[in-house]
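Single-structure report; data block below.
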Amino acid sequence: MMENRLEPAANAGAWTRFFARHIDFTFEYAVVFFLANGIYILGWWLLDEDILELIDAFFWPLFVLFVPSLVMIFDFCIYHIFGNTFGKMVYNLEVIDSETGLTLKSTRYLLRNFMVLLFGFGTGWVQIITTLAQLIQYRNLKRKGSTGYDKSMRTAVICSHFSSLRMFGGIVVYGMIIGIFLGGLYFLADYYGVSLREMLH
């Protein structure tokens with residue numbers, strides 16, 4: 001049963017949304033990245049050399065091309081299973097229908113995710129375009145009270161309770177995710193026989 005959450009919660013602030021999104025994106029990207037590497041390493045043990053050459057030629061370029069979409073699909077899976085994403089849970093945020101106050105059905109949440117990918121991240125392929133897209137949506141949120149994609153989707157992000165402790169806790173969680181991600185990268189770099197700098201590039 002969908003719950004009406006429009007009152008007494010208030011619209012979430014830009015920075016709260018920013019940190020929640022980056023906790024989600026970093027965690028989800030790390031999971032997708034390490035799963036892809038796990039599949040690739042498994043292929044070394046199970047596949048012929050000719051097939052491995054094809055994988056080397058096509059797997060990673062395709063992964064780079066589709067990783068933003070894969071992350072958004074994984075984000076949708078978390079929402080569908082748990083009812084919210086981890087970053088939003090940390091900051092007590094929720095995406096709702098701006099007209100009815102009801103929580104979103106999973107299919108509508110997935111559609112919003114791809115709107116976020118296109119207009120909030122500028123597809124996520126080129127950093128300068130991503131930064132520009134985020135600045136545009138930040139301006140929309142500050143001036144109009146809503147991002148462009150939320151306005152077109154008739155959705156809103158609300159915060160039912162916020163505190164400085166939650167902000168600090170979110171930063172700690174984000175730091176832990178970054179630390180675990182870098183630790184995993186160090187392990188993979190050692191496994192592949194390359195430097196950590198080469199892995200990051």
Side-chain angles (χ1 to χ4, degrees), residues 1-33 35 65-125 129-163 165-167 169-171 173-174 176-177:
M1 181 178 179
M2 292 188 294
E3 183 181 359
N4 188 305
R5 298 293 303 275
L6 197 56
E7 297 294 345
N11 286 338
W15 286 107
T16 309
R17 292 176 58 154
F18 176 85
F19 282 117
R21 170 55 67 185
H22 277 71
I23 288 174
D24 283 334
F25 188 84
T26 305
F27 167 74
E28 290 154 7
Y29 175 82
V31 171
V32 170
F33 177 80
L35 279 176
L65 181 64
F66 288 106
V67 67
S69 298
L70 292 173
V71 168
M72 288 303 182
I73 291 171
F74 183 46
D75 182 272
F76 156 76
C77 292
I78 292 174
Y79 179 86
H80 181 71
I81 294 169
F82 297 102
N84 207 350
T85 60
F86 301 139
K88 293 184 184 70
M89 289 180 190
V90 170
Y91 286 106
N92 217 17
L93 306 184
E94 189 172 355
V95 183
I96 62 167
D97 185 304
S98 60
E99 296 179 347
T100 66
L102 297 174
T103 55
L104 298 187
K105 292 183 179 179
S106 295
T107 50
R108 190 172 172 196
Y109 183 88
L110 178 62
L111 179 58
R112 180 184 179 274
N113 264 7
F114 281 101
M115 293 287 285
V116 172
L117 178 61
L118 289 174
F119 301 106
F121 284 102
T123 71
W125 290 325
I129 296 176
T130 297
T131 302
L132 181 61
Q134 289 178 326
L135 287 173
I136 290 171
Q137 297 305 330
Y138 174 80
R139 185 185 65 177
N140 287 338
L141 185 61
K142 298 300 286 186
R143 291 184 177 181
K144 302 176 182 179
S146 176
T147 59
Y149 49 83
D150 276 326
K151 183 176 181 181
S152 62
M153 287 291 299
R154 299 191 304 278
T155 55
V157 180
I158 59 169
C159 179
S160 55
H161 177 71
F162 180 77
S163 67
L165 184 60
R166 278 189 179 273
M167 176 61 78
I171 293 172
V173 169
Y174 184 62
M176 291 174 60
I177 293 171

Which heavy-atom pair separates [X] from [Y] by the least distance, and what is that distance?
X	Y	value
G122	A133	N-CB, 3.6 Å
G120	Q134	O-CG, 3.3 Å
I23	G170	CD1-O, 3.4 Å
G145	N11	O-ND2, 4.2 Å
N113	M72	ND2-O, 3.0 Å
M167	Y91	O-OH, 3.4 Å

[X]: salt bridge (Lys or Arg N to Asp or Glu O under 4.0 Å) partners, not counting sequence neighbours:
X	answer
R108	D97
D150	R17, R112
R154	E99

Query raised in the report: Can you tell me how far the NZ atom of K88 sits from the CG atom of D24, to the nearest 0.5 Å?
Result: 5.0 Å
Report task. State the OG1-OH distance between T103 and Y109, to the nearest 0.5 angstrom. Result -> 12.0 Å
Report task. Describe, in one word, how the ring planes of H22 and Y174 are oriented to each other, choosing from parallel (under 30°), tilted (30 to 60°) and perpendicular (over 60°). Result -> perpendicular
Query raised in the report: Do the rings of F121 and F25 sit parallel, tilted or perpendicular, given the 30° and 60° boundaries?
Result: parallel
Query raised in the report: Counting distance only, does the side-chain N/O of Y79 pair as donor-acceptor with the main-chain N or O of L104 below 3.5 Å?
Result: yes
Results of side-chain contact (heavy atoms from CB on, under 4.5 Å) for [X] - residues two or more places apart only:
X	value
N140	I136, Q137, K144
Y138	A14, W15, K142
V67	Y29, V32, F63, V71

Query raised in the report: Do V173 and F86 pass the side-chain contact (heavy atoms from CB on, under 4.5 Å) test, and can you show the C-alpha distance, the side-chain angles, and the key distance before you say yes or no?
Result: CA-CA 10 Å; V173 169; F86 301 139; over 6 Å; no
